[in-house]
Colleague: 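Provided herewith is a single structure, encoded as structure tokens, for subsequent inquiry.
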Amino acid sequence: MSMTQHAEPAVGTPPAPGRKESDGRTKQRPPVLRLLARPEVGVFLGAVAVYVFFLIAAPPVREGSAMANILYQSSTIGIMALPVALLMIGGEFDLSAGVAVITSALTASMLSYQLTMNVWVGVVVALLVSLGIGFLNGWMVVRTGLPSFLITLGTFLILQGVNLAVTKLVTTNVATDDISDMDGFAQAKKIFASPFEVGGVQVKITIVYWLVFAAIATWILLRTRYGNWIFAVGGNKESARAVGVPVTFTKISLFMLVGFGAWFVGMHQLFTFNTVQSGEGVGQELIYISAAVIGGCLLTGGAGSAIGPVFGAFMFGMVQQGIVYAGWNPDWFKAFLGVMLLGAVLINLWVQRTATRR
């Protein structure tokens, strides 16, 4: 009998080809959850719900002219909500956006009328003033390190006072003079405030501008280096600076984009109504910010999209006009907006948590 024992080789079932153990970190989520993680999905569902609600509650909404009015109201909010949203993705706020619209319109109107100049001179000067306000806001935020909330709150109060005081000083009234008979007015109105007909329905050109600006903003965010810079400075500006992102340029340029939006909307208001009330614009900045927040832009920066604020602005326009078409008391409008804002934020939070849950 041999004292040597030979160990039997271990026999096991070889693992099936193609099957690997996963620790959960590399597991791919289902397409539905990946779709729900998009910031604009929640507001899209909310916009559909609001639209269906008013289709039932307000039958006039079903008419083409009513929808044209709703889209027009949405566009005047949405054009400004887009640069405000980009600024929020970049981690900043601009509380002066509402009164800056009126500042731009007042500048173009009073300069043209009082100096008896072609209105295009006033339009160009108003653009420079609006961009200058945006530059000043951005420069002060970057140089001082103070929260943009405080900087732009100061700008808001300054512009509000200047709008009223200068208008009364120059015109002895709280509104500017009618400029509809001045040189260049017809051409400017055609660009900024003209209607066109679609299927027998009058549609304002601002709707087209709104959608074009949204497409451009989406392309910038998703396809350009500048878009990457916006997300980077909004997420963590020090980390962004460490990897070579021009933080100062990005933040200042975002404030100047808000200035451009304020100029454009201001020109639309001027050439639509021929005159400007100096006390308007107060509170509109909250509407723009709310449309961006409802559209999925985080208050902390670093996340959001340009499509989301489009749906957010549509919800605002739908509610504002839908209440009128339903025959309800318009005093409830702000209450509806508050409920809509809170509801959208909670829905977005729930959708994102559901989508990112393992």
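FYI, side chains are in, hydrogens and waters are out, and symmetry mates aren't considered; it's all heavy atoms of this structure.
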Colleague: Look at the aromatic rings of Tyr209 and Phe213 and report parallel, tilted or perpendicular, splitting at 30° and 60°.
Modeller: parallel
Colleague: Any side-chain to backbone donor/acceptor pair from Ser253 onto Thr250? Under 3.5 Å, distance only.
Modeller: yes
Colleague: Determine, using the 4.5 Å side-chain heavy-atom cutoff (strictly less than), whether Ile133 and Val124 are members of one ILVMFWY cluster.
Modeller: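 In one cluster with Ile133: Val124, no.
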Colleague: Report whether Val245 and Phe249 are members of the same hydrophobic cluster (ILVMFWY, side-chain heavy atoms less than 4.5 Å apart, transitive linking).
Modeller: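 Shared cluster, yes.
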Colleague: Check for me, please, whether Leu286 and Ile102 land in the same ILVMFWY cluster - side-chain distances under 4.5 Å, paths through other members count.
Modeller: no
Colleague: Applying the 4.5 Å side-chain criterion to the ILVMFWY set and letting contacts propagate, would Met110 and Leu128 be lumped into a single cluster?
Modeller: no
Colleague: Please report the shortest heavy-atom distance between Thr206 and Ser75, naming the atom on each side.
Modeller: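 Minimum heavy-atom separation between Thr206 and Ser75: OG1-OG, 3.0 Å.
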Colleague: So, do Glu238 and Val247 sit near enough that their side-chain heavy atoms are less than 4.5 Å apart?
Modeller: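 Not touching, per the 4.5 Å side-chain cut-off.
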Colleague: Measuring only between side-chain heavy atoms, which start at C-beta, is Ile307 closer than 4.5 Å to Phe44?
Modeller: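 The answer is no, as the side chains (C-beta and beyond) never meet within the 4.5 Å cut-off.
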Colleague: Which heavy atom in Ala306 sits nearest to a heavy atom in Ala217, and how many Å separate them?
Modeller: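 Heavy atoms only, the tightest pair is CB-CB, 3.7 Å.
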Colleague: Verify, without hydrogens or angle tests, whether Ser180 (side chain) and Asn274 (backbone) share a donor-acceptor contact under 3.5 angstrom.
Modeller: no
Colleague: Starting at CD of Gln320, measure out to CD of Gln73 and round the result to the nearest 0.5 Å.
Modeller: 4.0 Å
Colleague: Does the Ser96 side chain pair with the main chain of Phe156, one donor and one acceptor, at a distance under 3.5 Å?
Modeller: no
Colleague: Would you confirm whether Thr167, through its side chain, and Ala175, through its main-chain N or O, come within 3.5 Å as a donor-acceptor pair?
Modeller: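 Here the side-chain-to-backbone pair does not exist.
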Colleague: Does Phe255 form a side-chain contact (heavy atoms from CB on, under 4.5 Å) with Leu136? I'd like the steps, not just the answer.
Modeller: CA-CA 9 Å; Phe255 277 102; Leu136 182 62; over 6 Å; no
Colleague: May I ask you to check whether over 12 heavy atoms, not counting those of Arg62, lie within 6.0 Å of atom CZ?
Modeller: yes
Colleague: Tell me yes or no: between the side chains of Tyr113 and Asp178, is some donor less than 3.5 Å from an acceptor?
Modeller: no
Colleague: Show, in sequence, the C-alpha distance, side-chain angles and deciding distance for Ile294 and Phe316, and conclude whether the side-chain contact (heavy atoms from CB on, under 4.5 Å) test is met.
Modeller: CA-CA 10 Å; Ile294 290 176; Phe316 274 41; 3.2 Å; yes
Colleague: Supply the atom-to-atom distance Leu159 CG to Leu164 CG, rounded to the nearest 0.5 angstrom.
Modeller: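 So the CG of Leu159 and the CG of Leu164 are separated by 12.5 Å.
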Colleague: Is a donor from one side chain sitting under 3.5 angstrom from an acceptor on the other, for Asn163 and Thr103?
Modeller: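 Yes - a donor-acceptor pair under 3.5 Å links their side chains.
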Colleague: With side chains defined as the heavy atoms from C-beta onward, is the minimum distance between Val84 and Asp94 less than 4.5 Å?
Modeller: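 No, side chains not in contact.
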Colleague: Restricting to non-hydrogen atoms, name the atom on Glu285 and the atom on Gly281 that form the minimum distance, rounded to 0.1 Å.
Modeller: OE1-O, 3.5 Å
Colleague: So, the side chain of Ser112 versus the backbone of Ala108: is there a donor-acceptor pair under 3.5 Å, distance only?
Modeller: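 Pair found, side chain donor or acceptor close to backbone of Ala108.
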Colleague: What is the distance from atom CE of Met67 to atom CD1 of Ile207, rounded to the nearest 0.5 Å?
Modeller: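 Taking CE in Met67 and CD1 in Ile207, the distance rounds to 10.0 Å.
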Colleague: Looking at side-chain heavy atoms only, is the closest gap between Leu95 and Ile289 below 4.5 Å?
Modeller: yes
Colleague: Using 0.5 Å steps for rounding, measure from the CD atom of Glu92 to the CG atom of Leu87.
Modeller: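 It is 6.5 Å, given to the nearest 0.5 Å.
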Colleague: Of the non-hydrogen atoms in Ala262 and Ala97, which two are nearest, and what is the gap between them?
Modeller: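 Shortest heavy-atom contact: CB-O, 4.3 Å.
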Colleague: With a cut-off of 6.0 Å (strictly less than), are more than 12 heavy atoms of other residues, nucleotides or ligands near CH2 of Trp328?
Modeller: yes
Colleague: Would you check if the side chain of Thr155 reaches a backbone N or O of Ile151 as a donor-acceptor pair within less than 3.5 Å?
Modeller: yes
Colleague: Check the pair Phe271, Val119 against side-chain contact (heavy atoms from CB on, under 4.5 Å), reporting the backbone distance first and the verdict last.
Modeller: CA-CA 10 Å; Phe271 294 109; Val119 296; 4.3 Å; yes
Colleague: Return the orientation label for the Trp120 and Phe192 ring planes: parallel under 30°, perpendicular over 60°, tilted otherwise.
Modeller: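 Judged by the thresholds at 30° and 60°, the geometry between Trp120 and Phe192 is tilted.
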Colleague: Do Phe149 and Phe93 have ring centroids that are under 6.0 Å from one another?
Modeller: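 Ring centres of Phe149 and Phe93 not closer than 6.0 Å.
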Colleague: Honestly curious: do Val208 and Ile216 fall in one hydrophobic cluster under the side-chain, below-4.5 Å linking rule?
Modeller: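 Linked, Val208 and Ile216 end up in one cluster.
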Colleague: Working to the nearest 0.5 Å, report the span between CE of Met140 and CZ of Arg143.
Modeller: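 So the gap between those two atoms works out to 11.5 Å.
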Colleague: Measuring from atom CZ of Phe311 to atom CG of Leu45, what distance do you get when rounded to the nearest 0.5 angstrom?
Modeller: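 Between atom CZ of Phe311 and atom CG of Leu45 there are 9.5 Å.
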Colleague: Within 45° of the six-membered ring axis of Tyr72 and under 6.0 Å from that ring's centre, is NZ or CZ of Lys204 located there?
Modeller: yes
Colleague: Report the relative orientation of the aromatic rings in Tyr51 and Phe314; use parallel for angles under 30°, tilted for 30 to 60°, perpendicular for over 60°.
Modeller: tilted
Colleague: May I ask you to test the Gln160-Val282 pair for a side-chain heavy-atom distance under 4.5 Å?
Modeller: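 SC-SC contact between Gln160 and Val282 confirmed.
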Colleague: Passes side-chain contact (heavy atoms from CB on, under 4.5 Å), Val203 versus Glu197? Steps please.
Modeller: CA-CA 6 Å; Val203 178; Glu197 192 169 296; over 6 Å; no
Colleague: For a side chain to side chain contact (heavy atoms under 4.5 Å, CB included) with Val101, tell me which candidate from Met267, Gln284, Gln269, His268 qualifies.
Modeller: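 Single pass found, and it is Gln269.
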Colleague: I'd like to know if the side chain of Ser74 and the backbone of Ile70 have a donor-acceptor N/O pair within less than 3.5 Å.
Modeller: yes
Colleague: State, to 0.1 Å, how close Tyr325 and Ala66 come at their nearest heavy-atom pair, and which atoms those are.
Modeller: OH-CA, 3.4 Å
Colleague: Treating Lys251 as the side-chain partner and Gly90 as the backbone partner, does any N or O pair qualify as donor plus acceptor under 3.5 Å?
Modeller: yes
Colleague: Would you confirm whether Thr176, through its side chain, and Val276, through its main-chain N or O, come within 3.5 Å as a donor-acceptor pair?
Modeller: yes
Colleague: Of all the heavy-atom pairs spanning Ser305 and Ala85, show the shortest one and how long it is.
Modeller: O-CB, 4.4 Å
Colleague: Taking the side chain as every heavy atom from C-beta outward, state whether Trp263 and Val129 have any pair of such atoms under 4.5 Å apart.
Modeller: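 No. Closest side-chain heavy atoms not under 4.5 Å.
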Colleague: Are the side chain of Asn118 and the backbone of Val121 linked by a donor-acceptor contact shorter than 3.5 Å?
Modeller: no
Colleague: Can you check whether Leu221 reaches Phe231 side chain to side chain, under 4.5 Å on heavy atoms?
Modeller: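 Counting from C-beta outward, Leu221 and Phe231 do come under 4.5 Å.
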